[in-house]
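Presented below is the structure to which this report refers.
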Amino acid sequence: MDLEDKTINTSTQMKQVEANVVNSTAQPALEIIGGKNLTGEVKISGAKNSALAIMAGTLLCDDDCRLSNMPNLVDINMMGQVLTSLGVKIKKSGSVWEFNPRDLKAVKAPYELVSQLRASFFVIGPILTRLGVAHVPLPGGCSIGSRPVELHVRGLQAMGAHVVIEHGVVNASLQGRNQRLQGAKIFLDYPSVGATETIMMAATLAEGETIIENAAKEPEIVDLADFCNSMGAKIVGAGTDTIIIQGVNRLGTTDHDIIPDRIEAATFLAAGAITHSEIIVTSINPEHLISAIAKFEEIGCKVQKEDEFTLRTLPGQLKGSDIETLPYPGFPTDMQAQFMALLTVSEGNSVVTETVFENRLRHVAELQRMGANIKVKGNCAVIAGVPFLTGAPVMATDLRASAALVLAGLAARGTTIVQGLHHLDRGYQDLEAKFQSLGADIKRLPNYQG
Ligand code: UD1
């Protein structure tokens, strides 16, 4: 090789290095050109949070079971990997998934997966009640708060589980051979969704009666109870403060349809409101959206029920309103960021108080970049409505924050680039395709170099 070859090689290598550096900073992003009027109909997918809990619930079953209306999301696929790692065989065909948990053997959930997906901690109840021992890593905190699991653990302990937390792993076991969890009366200090689900699943195969007081009442709890009952469990009261579970010896095959995603539905209704558009959301359950609908109407966007599965936005002049997030049937924390986007362009002042998670106002700084007038004090955001937002490059900080930024971008003047799409892809199936079908000017840039 002569000198010239070497020079050529070196410069080729340099270019490669530069290309690699550029590629390593390139990230997918959404480009939204705001101000378009939306119109048409959008079909809502199955509920992510229901599907995640029910996937954990398939571990209770002795036989094959089938779930339909499964959303195609990163989180759902990751939960599938958790189940596979435990010995469950899964077959997928579009939105229908089949689970064969007969060979459930592993009692240890892998840290690499649990650390990325908090909901995978929910496998602890089913594995413990079926196999008598479970080792599940603590899920750790996330961008919206510290997210402890002591209510799950205390519930399992009340049912007789021996629990030791060591080196970041929750080790739960039943002492003695063939022993089952024992029914118990459990009062939850807070109506935690996850703790209610963990205890309810564990109690389905426990000996005797379990009563959960101050239970979470979210529609996803009812869906999980319906799923368990369809396998032969005896659960009454799901959706109320008190859930009573009579333990049974085994649970068998079932075919269950996941409920519609109320948060996705409300996000699209918010898109109608913020762009002053008449849009229709279908395949939903309006009963699950009562607090959000009440708030839309208070803000000035009427939401009309077309039939039992369909709602239509009838937008009007938007005006400020106060919101406090609360456990269901209160206003959902998972809709707080999207409504905040709406309130930034609603006339007058609004106060948004986040009571469920301690660190769920990080989207404020990004909305401010788009011209929103928001001041934060503790867990409150005080918003003075502005006539319009302006497009800007923004960074999604969590799942629902990313949806809020998309909504803001749809309404803003000019171009908005939303980065941090790994958050969005966890919880919204085909978001940009759905918005495109409504007429939005939105596209994914696979290699955006911000
Ligand atoms: C679920 C939802 C999430 C939603 C939340 C509240 C899933 C997969 N996720 O999360 O989208 O935002 O409900 O509606 O269903 N807490 C404790 N100790 C515990 C458990 C919870 O202090 O042992 C606290 C949490 O830190 C949080 C609050 O209770 O501040 C609510 O959490 P929880 O209802 O458990 O939410 P998740 O089940 O994690």
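Counting convention: from 1, in listed order, for ligands and their atoms alike.
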Presence of salt bridge, R262 and E220, under 4.0 angstrom
yes
Please check whether V193 reaches ligand 1 - meaning an N/O of the residue sits under 3.5 Å from an N/O of the ligand, judged on distance alone.
yes
Output yes when E354 and R360 qualify as a salt bridge under the 4.0 Å nitrogen-oxygen rule, no when they do not.
no
With M340 as reference, evaluate I383, I323, L407 under the side chain to side chain contact (heavy atoms under 4.5 Å, CB included) test and give the passing residue.
I383
Closer than 4.0 angstrom, basic N to acidic O: yes or no for K89 and D103?
yes
Residue-level breakdown please: for Y190 versus ligand 1, do any non-hydrogen atoms fall below 4.0 Å on the side chain, on the backbone, on both, or on neither?
side chain
Considering only heavy atoms, does V153 approach ligand 1 within less than 4.0 Å through its side chain, its backbone, both, or neither?
neither
Atom OG in S45, atom CG in N72: separation rounded to 0.5 Å?
8.5 Å
Can you tell me if E220 has a non-hydrogen atom under 4.0 Å from ligand 1?
no
Within the 4.0 Å heavy-atom cut-off, what E358 brings close to ligand 1 is neither
Donor-acceptor pair, distance only, cut-off 3.5 Å: does the side chain of E366 make one with the backbone of M395?
yes
Atoms of ligand 1 close to H152 [distance to a heavy atom under 4.0 angstrom, numbered from 1]:
23 (O)
With a 4.0 Å cut-off on heavy atoms, does P148 reach ligand 1?
yes
Within reach of ligand 1, part of R154 (heavy-atom separation under 4.0 Å):
neither
Is the shortest distance from a Lys or Arg side-chain nitrogen in D63 or R102 to a carboxylate oxygen in the other one below 4.0 Å?
yes
E209 bridged to K185 by N-O distance under 4.0 Å
no
Under 4.0 Å from any heavy atom of G194, which atoms of ligand 1 are there?
35 (O), 38 (O)
Is there any N or O on T333 that sits under 3.5 Å from an N or O of ligand 1?
no
Any N/O pair V356/ligand 1 closer than 3.5 Å:
yes
Should the proximity of L151 to ligand 1, defined as any heavy atom under 4.0 Å, be assigned to the side chain, the backbone, both, or neither?
both
Contact between ligand 1 and R400 is defined here as a heavy atom of the residue under 4.0 Å from a ligand atom; is it met?
no
For R360, the ligand 1 atoms with a heavy-atom partner under 4.0 Å come out as 12 (O)
Neighbour count above 12 (heavy atom, 6.0 Å) for Y448 OH:
yes
Is the closest N or O pair between K48 and ligand 1 shorter than 3.5 Å?
no
Flag the pair D334 and K48 as a salt bridge only when some basic side-chain nitrogen lies within less than 4.0 angstrom of an acidic carboxylate oxygen.
no
Does ligand 1 come near enough to R118 that some N or O of the ligand is less than 3.5 Å from an N or O of the residue?
yes
